2 protein chains.
Amino acid sequence: MPLQHRRSDCPISYCLDLVGDRWTMLVIRDMVMFGSKRFSEFQSSGEGIATNVLSDRLQCLAEGGILECSVDRDDGRKRIYRLTEKGIDLVPILIDLAQWGGRHDPNTAVPIEFRKRIENDREGVIAELRAQLESLGHG
Amino acid sequence: MPLQHRRSDCPISYCLDLVGDRWTMLVIRDMVMFGSKRFSEFQSSGEGIATNVLSDRLQCLAEGGILECSVDRDDGRKRIYRLTEKGIDLVPILIDLAQWGGRHDPNTAVPIEFRKRIENDREGVIAELRAQLESLGHG
DNA sequence: TGACTTAACTTGCATTTCACAAGTGACCGT
DNA sequence: ACGGTCACTTGTGAAATGCAAGTTAAGTCA
């Protein structure tokens, strides 16, 4: 999705221009749910994203202000990808996606406890994830 | 997005396999926010979706159980597209997308009142839209 | 120091999807 | 019967995707 041109002034369209493809939200998911920070971690997270596509998505997300990339101080080969505030604000969307999938996917892998937690305390789950991600930011 | 094969058992991935592209959620938006029901209404809703893509998306959404298509009784040329329960359950995601766009898009078209309503009474907004859509179903 | 490995890309290429324009066929009003 | 409308379908070039292989810079070990 090489940085889409603006299609309209609709906020939903704006959002989809940035994260509306089959891969981008999976990268965000890896960061939010599994704490992924590295290229290799995104690469090996199950769905099998191609390296060129991953590279492209990370760059677009960085250009879109959703994440930031820095070089690992202890190992110059490695990059560290971290969500910005704008990126962290995507957490509610991610939770809703998970909730919808959990409800409507007959073969869902979401444990029933987690589904119930989201159902009963959505705000709490969001706050928790948000706090985790923000603490990483100042690490 | 010709009906993606299942990439993993992740609920988010499941969701993205169905609605994770640049157009599908805009079709849903038209149905939820503007009450669109017709091919021509989706076509003329601002972003300029191509007819072949729209046709494909509607078919995929129908196959995915997110909407249903029926022939207009008064005019055999026209189709009526209506969201199923599964489709209506996407409303929270849509609201979150709108909220995120409204917050992070510097040129957002979302009126500040609506943004505040979502911020203060998300559940209320969702319930209202849901009720509207459900009443259409038994029309 | 030099060979080897690892991390993060980049390149090439065949396949798929997309955008755009044009065409088709069922159906309607007159 | 005829022109117009609605919902598609087809054709075509451009762009994105998936896959395999290659590249570059940096770290590791002998």
Side-chain angles (χ1 to χ4, degrees), chain A residues 1-8 13 16-27 30-31 34-64 67-82, chain B residues 1-8 13 16-27 30-31 34-64 67-82:
Chain A
M1 224 194 21
L3 214 51
Q4 212 61 17
H5 72 277
R6 194 74 193 268
R7 290 175 295 180
S8 80
S13 154
L16 295 174
D17 287 342
L18 283 166
V19 304
D21 80 312
R22 267 193 301 305
W23 292 114
T24 302
M25 282 305 278
L26 291 183
V27 172
D30 288 346
M31 301 182 86
F34 309 134
S36 302
K37 299 181 294 295
R38 304 272 169 70
F39 194 92
S40 56
E41 291 176 311
F42 301 125
Q43 214 187 136
S44 61
S45 75
E47 284 87 2
I49 186 169
T51 57
N52 54 351
V53 176
L54 175 55
S55 175
D56 177 86
R57 288 314 115 86
L58 288 170
Q59 198 183 317
C60 288
L61 285 171
E63 283 173 33
L67 54 77
E68 281 168 341
C69 178
S70 57
V71 177
D72 188 332
R73 248 173 296 204
D74 301 330
D75 186 340
R77 293 168 304 180
K78 296 179 183 169
R79 303 290 135 83
I80 301 174
Y81 296 94
R82 249 179 283 112
Chain B
M1 227 194 16
L3 214 49
Q4 213 60 18
H5 71 277
R6 194 76 193 269
R7 289 175 295 178
S8 80
S13 154
L16 295 174
D17 286 343
L18 283 166
V19 303
D21 80 312
R22 271 192 299 309
W23 292 114
T24 302
M25 283 305 278
L26 291 182
V27 172
D30 288 346
M31 300 182 88
F34 310 134
S36 301
K37 300 182 293 294
R38 303 272 170 72
F39 194 91
S40 56
E41 291 175 310
F42 301 124
Q43 211 184 142
S44 61
S45 74
E47 285 87 2
I49 187 170
T51 57
N52 54 350
V53 176
L54 175 54
S55 175
D56 177 85
R57 288 315 114 90
L58 288 169
Q59 200 184 316
C60 288
L61 285 170
E63 283 174 32
L67 54 77
E68 283 169 340
C69 177
S70 57
V71 177
D72 188 331
R73 247 172 298 208
D74 302 331
D75 185 340
R77 293 167 304 179
K78 297 180 182 169
R79 302 291 136 82
I80 301 174
Y81 296 94
R82 250 180 283 113

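In the text below, chain A, chain B and the rest are named by the order of the sequence lines, each starting its count at 1. Keep in mind the model is a prediction, meaning the values are calculated, not measured.
- Comparing atom distances between the A:Asn52 side chain and each of C:dT11, D:dT17, D:dA7 picks out C:dT11 as nearest.
- Taking 4.0 angstrom as the limit, A:Trp23 places a side-chain polar atom (N or O) nearer than this to OP1 or OP2 of D:dG18.
- Minimum atom distance to the side chain of B:Arg77 is reached by D:dG4, of the listed D:dT17, C:dA8, D:dG4.
- Taking 4.0 angstrom as the limit, A:Arg57 places a side-chain polar atom (N or O) nearer than this to OP1 or OP2 of D:dT17.
- In this structure, the nucleotide among C:dA7, C:dC20, D:dA7 sitting nearest to the side chain of A:Lys78 is C:dA7.
- A:Asp72 pairs with exactly one of A:Lys37, A:Arg82, A:Lys78, A:Arg38 by the salt bridge (Lys or Arg N to Asp or Glu O under 4.0 Å) rule, that one being A:Arg38.
- As a whole-Å value, the separation of B:Arg73 CZ from C:dC27 P is 16 Å.
- Across B:Thr24 and B:Arg57, no two heavy atoms sit closer than the pair OG1-CD, 3.4 Å.
- We find that CG of B:Leu67 is positioned 15 Å from C1' of D:dA7, with the value rounded to whole Å.
- Residues A:Val71 and A:Arg79 share a closest heavy-atom pair of CG2-NE, 3.7 Å.
- To the nearest angstrom, C1' of D:dC6 lies 14 Å from CZ of B:Phe42.
- OP1 or OP2 of C:dC9 has at least one side-chain nitrogen or oxygen of A:Arg79 nearer than 4.0 Å.
- Here the P atom of nucleotide C:dC9 and the CG atom of A:Asp72 are 13 Å apart, to the nearest Å.
- When the nearest nucleotides of DNA chain C are assigned to A:Leu58 and B:Ile49 by heavy-atom distance, the more 5′-ward of the two goes with A:Leu58.
- Listed candidates were C:dA19, C:dC9, C:dA8. Nearest to the side chain of A:Arg38 is C:dA8.
- For the side chain to side chain donor-acceptor pair (under 3.5 Å) test, residues two or more places apart in sequence or in another chain that qualify with B:Ser45 are B:Asp30.
- Of all heavy-atom pairs between B:Ser13 and B:Arg7, the closest is O-NH2, 3.9 Å.
- Spacing between atom CZ of A:Phe39 and atom C1' of D:dA26 amounts to 16 Å, rounded to whole angstrom units.
- Checking A:Asp74 against B:Ser55, the closest nucleotide of DNA chain D that is more toward the 5' end is the one next to B:Ser55.
- The CG atom of A:Leu54 sits 12 Å away from the C1' atom of C:dA7 (whole-angstrom rounding).
- At whole-Å resolution of the value, CZ in B:Arg7 and C1' in D:dG18 are 13 Å apart.
- Taking atom CG of residue A:Asp56 and atom C1' of nucleotide D:dT17, one finds them 11 Å apart after rounding to whole Å.
- Nucleic acid contact class of A:Asp75 (heavy atoms, under 4.0 Å, all strands): sugar-phosphate only.
- Relative to the side chain of A:Thr51, the nucleotides D:dC6, C:dA19, C:dC9 differ in distance, and C:dC9 lies closest.
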